[in-house]
Amino acid sequence: MKTKGTTIVLTFLLGSIGVHKFYLGQNFQGLLYLFSCWTFIPALIAFLEIFVYAFMSEADFDRRYNGHAGMLTAAPVQNQMGQNVTINMQNGNVADELHKLNNLRQAGALTDEEFAHQKQKLLT
C-alpha cells in the first residue's frame with residue numbers, strides 16, 4: 001500500500017527524475033520525467049507536487065493511488081436499545097468487521113441474537 005509520507009519524501013529527494021511517479025504506478029509519467037530531467041522542468045513540477053501531496057487528504061490519496069483501499073462503506077446496525085450503530089467496512093475485510101461486532105457485543109451494545117444476525121449478514 002502506497003503512503004503519502006513515502007510519496008512526499010520520494011518527490012522531494014528524487015522527484016526530478018520521476019521516482020515518485022514509478023512508486024505511484026504512473027510509469028509513463030515516470031519515463032517522461034526521467035527522459036526530460038536535463039531540462040529541470042520535472043524538478044519544478046515535482047517541487048509543486050510536494051505541496052499537492054502534502055495537502056491531499058488521506059482518503060483522497062488512497063482513492064487515487066491505492067485503488068479505493070481507503071474507501072469506507074457503512075453498515076448500519078441497530079443495538080438492543082433501538083439505537084443505530086454504524087460499522088465501517090474498510091477494504092471488505094470481514095474479519096476486522098466481525099471483531100468490531102464482537103467488541104460491541106462484549107460492551108453490551110448488541111445482544112447475542114443481534115450479533116448472530118449481523119455476523120450472518122457480513123458472511124453472506
Side-chain angles (χ1 to χ4, degrees):
M1 184 167 164
K2 299 164 187 84
T3 63
K4 233 174 79 163
T6 302
T7 303
I8 292 169
V9 169
L10 287 174
T11 306
F12 180 74
L13 297 176
L14 301 168
S16 62
I17 58 173
V19 172
H20 65 293
K21 293 296 185 178
F22 290 109
Y23 174 72
L24 294 173
Q26 299 173 334
N27 296 334
F28 180 73
Q29 289 180 7
L31 287 173
L32 288 175
Y33 277 61
L34 186 61
F35 291 134
S36 61
C37 66
W38 60 274
T39 65
F40 298 107
I41 293 172
L44 178 64
I45 295 171
F47 178 74
L48 297 174
E49 285 178 324
I50 290 171
F51 296 102
V52 171
Y53 297 135
F55 291 108
M56 184 183 295
S57 71
E58 288 288 338
D60 194 27
F61 183 88
D62 286 337
R63 187 174 57 255
R64 288 183 187 188
Y65 303 112
N66 288 321
H68 303 288
M71 294 292 291
L72 294 176
T73 57
V77 176
Q78 201 170 53
N79 69 8
Q80 61 190 2
M81 291 176 262
Q83 299 167 328
N84 286 328
V85 179
T86 301
I87 304 294
N88 290 324
M89 295 186 62
Q90 185 171 8
N91 302 334
N93 192 341
V94 175
D96 287 342
E97 300 312 316
L98 287 173
H99 181 69
K100 290 176 188 175
L101 276 175
N102 189 39
N103 287 343
L104 286 172
R105 180 179 61 140
Q106 290 175 350
L110 294 175
T111 65
D112 289 336
E113 294 81 24
E114 291 169 333
F115 172 77
H117 177 72
Q118 294 303 323
K119 177 182 171 184
Q120 185 62 33
K121 281 175 57 176
L122 280 172
L123 294 175
T124 56

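For the atom pair CD (Gln118) and NZ (Lys100), the distance works out to 14.0 Å, reported to the nearest 0.5 Å. Within the model, atoms NZ of Lys21 and CG of Leu14 stand 14.5 Å from one another, a figure rounded to the nearest 0.5 Å. Leu10 contributes atom CG, which lies 12.0 Å from atom CD of Glu49 (distance to the nearest 0.5 angstrom). Atom-to-atom distance recorded for Leu110:CG and Arg105:CZ is 9.0 Å, nearest 0.5 angstrom. In this structure, OG on Ser57 lies 6.5 Å from CZ on Arg63, to the nearest 0.5 angstrom. The structure places CE of Met56 at 10.5 Å from CG of Asp62, a figure rounded to the nearest 0.5 Å.
Nearest heavy-atom pair, Thr39 versus Pro42, reported as atom, atom and distance to 0.1 Å: OG1-CD, 3.6 Å. Shortest non-hydrogen contact noted between Ala43 and Ser16 is CB-CB, 3.6 Å. Closest approach of Phe61 and Thr7 over heavy atoms only: CZ-OG1, 3.3 Å.
Asn66 places no side-chain N or O within donor-acceptor distance of the main-chain N or O of Met1, the cut-off being under 3.5 Å. For the pair Glu114 (side chain) and Thr111 (backbone), a donor-acceptor distance under 3.5 Å is present.
Connection of Tyr65 to Leu32 is not established within any shared hydrophobic cluster, with ILVMFWY side chains joined at heavy-atom distances below 4.5 Å, either directly or through further cluster members. By the rule that hydrophobic residues join a cluster once side-chain heavy atoms approach within less than 4.5 Å of another member, Leu24 and Val19 end up as members of one cluster. Following chains of ILVMFWY side-chain contacts shorter than 4.5 Å, one cannot reach Phe35 starting from Ile41, and the two form parts of different hydrophobic clusters. Hydrophobic clustering of Ile, Leu, Val, Met, Phe, Trp and Tyr side chains at less than 4.5 Å, counting indirect connections, keeps Ile45 apart from Leu31. In this structure, Tyr33 is not a member of the same hydrophobic cluster as Ile50, with clusters built from ILVMFWY side-chain heavy atoms closer than 4.5 Å.
A search for ring pair (Phe, Tyr, Trp, His ring centres under 6.0 Å) contacts involving Phe22 returns nothing, not counting sequence neighbours. Checked against side chain to side chain donor-acceptor pair (under 3.5 Å), Thr3 has the following partners two or more places apart in sequence or in another chain: Thr6.
Shown here is Lys4, whose NZ atom has more than 12 heavy atoms of other residues, nucleotides or ligands within 6.0 Å.
For His20 and Phe12, the gap between ring centers reaches or exceeds 6.0 Å.
Here Phe51 sits in one hydrophobic cluster together with Phe47, Leu48, Phe55; the rule is ILVMFWY side chains under 4.5 Å apart, joined directly or through other members.
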